[in-house]
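Report on the following structure.
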Amino acid sequence: MSKKNRQRRRDGDRKAAKKQQIPFVARPFAGLPAEPDLVAMMQIIPAASMTVRLDADHGGQEVQLVTLLPELARSLKRADGRVLVAMQSTVRSGDASRDVAAALLEALDLEPGTGLAPSGLPEPGERLQDILDPDFTPSIDVRESFDFWLTAEQAEEPEALRIVEDAKEGIAPTVPVPGVEHAYWCRMNGKEFVRWVRGEDEDAFFNAFARIHAARESDLEEGARFLGAFRACGLAIPVWELVPGTEAEELTEPMRAMAQRLEAALADDAPLDAEARRAKAGIISRQVNL
């Protein structure tokens, strides 16, 4: 075989071995009952867990989706057999739902006490929407530490506790706002903020909030100013800086009032007027990453 033909064969082998790329999905968790909280776990909450259940075709067992795992593992099977899957993974393709599902499915076959290290991107395949039981309603559990990493026996071991305590030092205090779904108070750098993962499509939110902002009603209350919003997994997350010292329970009433303003604005399907269009352009141009 000539040198030229050998090169062509090698090039052909490389192309055959090349992984298929996952198509980009702008709103990867759409259709899942916990979509806003899954986005929150991936984007803004330091420590949280959520129990989900696989459908019958995939074994029907319960597993835990969590924010983060030790050494940035994609997933792990604890010594007690419990499967944990990280939402905040370094593996990012064009479809976050596929990434999490791939890590979950691989974790089912792990030996107890082992984890799945960061690796290459998965190929197209089953997504969370394809493997989770649609009749099981998950709920998020926001935590003060990563104690969900440990089994009951490990929680008695000083070295394991030290690892969790060391990791806890990097956690910004974060708690849900009572009575307001998908809203999370946090304290960072000596200031308090609230971030609210909205469930409607991001374009619908920005149109509605532009009306509120144009009417100068975008602050939660006096001194609690609207900073901006950012996009995450197809949803919008508005952010407010709070009056110094504000705690989460003090936000229930002002956020419920804001929810009423948003509901009215979302119901308005008239075209945006000039002032609202300017407000929308301003909001989008100053997206925050807090």
Side-chain angles (χ1 to χ4, degrees), residues 35-48 67 88 140 142 144 170-290:
E35 179 189 11
D37 284 330
L38 290 173
V39 175
M41 289 177 68
M42 180 168 280
Q43 298 290 336
I44 63 174
I45 301 176
T67 49
Q88 296 177 20
I140 190 169
V142 180
E144 294 182 351
I171 294 178
T174 302
V175 296
V177 175
V180 182
E181 290 187 330
H182 321 307
Y184 298 94
W185 169 99
C186 67
R187 177 174 287 125
M188 290 185 286
N189 301 320
K191 296 181 179 181
E192 290 79 25
F193 304 88
V194 65
R195 297 173 288 186
W196 196 4
V197 184
R198 298 296 307 172
E200 58 276 331
D201 183 80
E202 60 182 24
D203 289 332
F205 168 82
F206 282 110
N207 282 335
F209 204 79
R211 300 181 193 277
I212 294 171
H213 196 59
R216 292 173 173 76
E217 295 181 336
S218 58
D219 289 345
L220 278 180
E221 57 184 348
E222 186 176 354
R225 64 190 185 94
F226 172 67
L227 289 183
F230 61 96
R231 303 169 188 261
C233 299
L235 301 182
I237 305 179
V239 182
W240 288 266
E241 182 177 347
L242 306 174
V243 176
T246 299
E247 300 294 337
E249 58 270 18
E250 299 175 75
L251 296 172
T252 302
E253 291 309 315
M255 293 202 73
R256 284 177 173 173
M258 178 60 73
Q260 292 178 348
R261 297 199 288 276
L262 264 171
E263 185 176 347
L266 286 164
D268 187 349
D269 58 2
L272 297 179
D273 61 22
E275 192 167 355
R277 289 197 301 272
R278 285 193 295 271
K280 181 180 178 180
I283 293 170
I284 291 176
S285 68
R286 60 187 176 98
Q287 289 187 60
V288 296
N289 58 8
L290 182 66

* Asked: With R225, which residues qualify under side chain to side chain donor-acceptor pair (under 3.5 Å), at least two apart?
  -> E241

* Are any side-chain N or O atoms of S218 and backbone N or O atoms of I212, one a donor and one an acceptor, separated by less than 3.5 Å? ->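 Pair absent, no side-chain N/O of S218 close to backbone of I212.
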
* Asked: Do the side chain of Q88 and the main chain of M41 share a donor and acceptor less than 3.5 angstrom apart?
  -> yes

* Look at the aromatic rings of W240 and W196 and report parallel, tilted or perpendicular, splitting at 30° and 60°. =>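 Judged by the thresholds at 30° and 60°, the geometry between W240 and W196 is tilted.
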
Return the [atom1] to [atom2] distance between [X] and [Y], rounded to the nearest 0.5 Å.
{"X": "L262", "Y": "E200", "atom1": "CG", "atom2": "CD", "result": "6.5 Å"}
{"X": "L38", "Y": "C233", "atom1": "CG", "atom2": "SG", "result": "9.0 Å"}
{"X": "F209", "Y": "M258", "atom1": "CZ", "atom2": "CE", "result": "4.5 Å"}
{"X": "H213", "Y": "R261", "atom1": "NE2", "atom2": "CZ", "result": "12.5 Å"}
{"X": "L220", "Y": "M255", "atom1": "CG", "atom2": "CE", "result": "5.5 Å"}
{"X": "R198", "Y": "E181", "atom1": "CZ", "atom2": "CD", "result": "10.0 Å"}

Would you check if [X] and [Y] make a side-chain contact, meaning some heavy-atom pair closer than 4.5 Å?
{"X": "V197", "Y": "D37", "value": "no"}
{"X": "L235", "Y": "F205", "value": "no"}
{"X": "Y184", "Y": "I140", "value": "yes"}

Please report the shortest heavy-atom distance between [X] and [Y], naming the atom on each side.
{"X": "A248", "Y": "P178", "result": "O-CD, 3.7 Å"}
{"X": "A208", "Y": "L266", "result": "CB-CD2, 3.6 Å"}
{"X": "E192", "Y": "G245", "result": "OE1-N, 2.9 Å"}
{"X": "P36", "Y": "G199", "result": "CG-CA, 4.2 Å"}
{"X": "L242", "Y": "V194", "result": "CD2-CG1, 4.0 Å"}
{"X": "V142", "Y": "P176", "result": "CG2-CG, 3.9 Å"}

* Asked: Under the salt bridge (charged side-chain N to carboxylate O under 4.0 Å, His left out) test, which residues partner R256, sequence neighbours left out?
  -> E253

* Asked: According to the side chain to side chain donor-acceptor pair (under 3.5 Å) rule, which pairs have a member within residues 170-179, sequence neighbours left out?
  -> none

* Partners passing side chain to side chain contact (heavy atoms under 4.5 Å, CB included) against E247 (at least two apart in sequence or in another chain) -> W185, R187, E249, E250

* Structure fact -> Here the salt bridge (charged side-chain N to carboxylate O under 4.0 Å, His left out) pairs for residues 208-221, sequence neighbours left out, are R211-D268, R216-E275

* According to the salt bridge (charged side-chain N to carboxylate O under 4.0 Å, His left out) rule, which pairs have a member within residues 228-237, sequence neighbours left out? -> E202-R231, D203-R231

* Should L251 and V180 be marked as a side chain to side chain contact (heavy atoms under 4.5 Å, CB included) after you check the CA-CA gap, both sets of side-chain angles, and the distance that decides it? -> CA-CA 9 Å; L251 296 172; V180 182; over 6 Å; no

* Applying side chain to side chain contact (heavy atoms under 4.5 Å, CB included), run through E144 and I171 and close with a yes or a no. => CA-CA 8 Å; E144 294 182 351; I171 294 178; over 6 Å; no

